[in-house]
Amino acid sequence: MSTVSVLEALQSFLQEKVSPAIKLQKPSDNNIHEYSLVNPAIHVGWLPPKGYLPEGMESAIPCLIVGLDDATDDGQDSQINIRISVVVFSPGFHTPGETGVNYIPDFKGYHDLLNVIDRTVAELMKNQIIDGKVAIQMPVKWGMYQEQPYPYWYGWITFPVKKQTYPTAEIARQFL
């Protein structure tokens, strides 16, 4: 199984098990007082640049991004270290008012971020074999980045997965 296949299997898993269970604020490009609730998008690799969203996807954020930290293969074992980056938008508290929406910055967007991370980790721990191909290994780690570009909040989940080793040449096997 290729590295890309592992990342895509994790993307499908997150699209099925995590995204439908969560609604998060989608930023409005025109007004911070406006937002809508959407399921988080699941990307592979990087956040798509503005104007290049896949067909049918209405917003890049909120999202989970399945990526590769690094990988090793010593001929006996092959391991891929996965990093899932989590991005949410949460500028503050919105309440309906007489003149529209009242907005109060509260800097509690990390609550939404940690709830998404907790839900994702719980699903990964319940389903350690994904699509019969990807075996999640321990430890599963998670955290928040030290700098947060308010009103966006960023966190991460990391864990290794085992994959089948690449075949070694016959001559290398004889001398190793």
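The shown structure was predicted, so the numbers you read here are calculated from the model rather than taken from an experiment.
The hydrophobic clustering, which links ILVMFWY residues whose side-chain heavy atoms are closer than 4.5 Å, places V66 and V4 apart. Residues W46 and V6 do not share a hydrophobic cluster, clusters being chains of Ile/Leu/Val/Met/Phe/Trp/Tyr side chains in contact below 4.5 Å.
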Donor-acceptor contacts under 3.5 Å from residues 123-137 side chains, at least two apart:
from : atom 1 : to   : atom 2 : distance (Å)
E123 : OE1    : N127 : ND2    : 3.3
E123 : OE2    : K126 : NZ     : 3.3
N127 : ND2    : E123 : O      : 2.9
Q128 : NE2    : M125 : O      : 3.2
D131 : OD2    : K133 : NZ     : 3.2
Q137 : NE2    : A135 : O      : 3.3

Name the atoms and distances for all side-chain donor-acceptor pairs under 3.5 Å in residues 107-122, with sequence neighbours left out.
from : atom 1 : to   : atom 2 : distance (Å)
N115 : ND2    : H111 : O      : 3.1
T120 : OG1    : V116 : O      : 2.8

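For the atom pair CD1 of I84 and SG of C63, the computed distance is 11.5 Å after rounding to the nearest 0.5 Å. Expressed to the nearest 0.5 Å, how far NZ of K26 lies from CZ of F89 amounts to 11.0 Å. In this structure, CD1 in I80 is found 9.0 Å from OG1 in T72, a value given to the nearest 0.5 Å. The NE2 atom of H43 sits 14.5 Å away from the CG atom of L7 when rounded to the nearest 0.5 Å. Annotation: the span from Y145 atom OH to Y154 atom OH amounts to 10.0 Å, rounded to 0.5 Å. We find the CD1-CD distance between I42 and E16 to be 11.5 Å, quoted to the nearest 0.5 Å.
Shown here are the side chain to side chain donor-acceptor pair (under 3.5 Å) partners of D69, two or more places apart in sequence or in another chain: R83. Every residue two or more places apart in sequence or in another chain was checked for a side chain to side chain donor-acceptor pair (under 3.5 Å) with Q15, and none qualifies. Remark: D73 pairs with no residue by the side chain to side chain donor-acceptor pair (under 3.5 Å) rule, at least two apart or across chains.
In this structure the side chain of I82 never reaches within 4.5 angstrom of the side chain of P160, judged on heavy atoms. Considering only heavy atoms from C-beta on, V87 stays 4.5 Å or farther from W153 through its side chain.
In this structure, S78 contributes its side chain and D74 its backbone to no donor-acceptor pair below 3.5 Å.
Q25 and P62 make their closest contact through O-CD, 3.5 Å (heavy atoms, listed as atom of the first residue, atom of the second, distance). Nearest approach of Y150 to S90, heavy atoms of both residues: CE1-O, 4.0 Å. Taking every heavy atom of both residues into account, L47 and A60 meet most closely at CD1-O, 3.7 Å. Between V140 and W142 the shortest heavy-atom distance is O-CZ3, 3.7 Å. Between I22 and N39 the shortest heavy-atom distance is O-ND2, 2.9 Å. Taking both residues in full, the closest heavy atoms of P40 and L64 are given as CB-CD1, 4.0 Å, listed atom of the first, atom of the second, then distance.
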Discussion item. What verdict does the side-chain contact (heavy atoms from CB on, under 4.5 Å) test give for V38 and L24, after you've listed the backbone C-alpha separation in whole Å, the side-chain angles of each residue and the deciding distance to 0.1 Å?
Written reply: CA-CA 5 Å; V38 298; L24 296 165; 5.7 Å; no
Item to complete: Just do the side-chain contact (heavy atoms from CB on, under 4.5 Å) check on W156 and M144 with the steps written out, would you?
Response: CA-CA 6 Å; W156 51 266; M144 297 172 48; 5.9 Å; no
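Listed by first then second residue, pairs satisfying salt bridge (charged side-chain N to carboxylate O under 4.0 Å, His left out) with a partner in residues 145-166 read D77-K162, not counting sequence neighbours.
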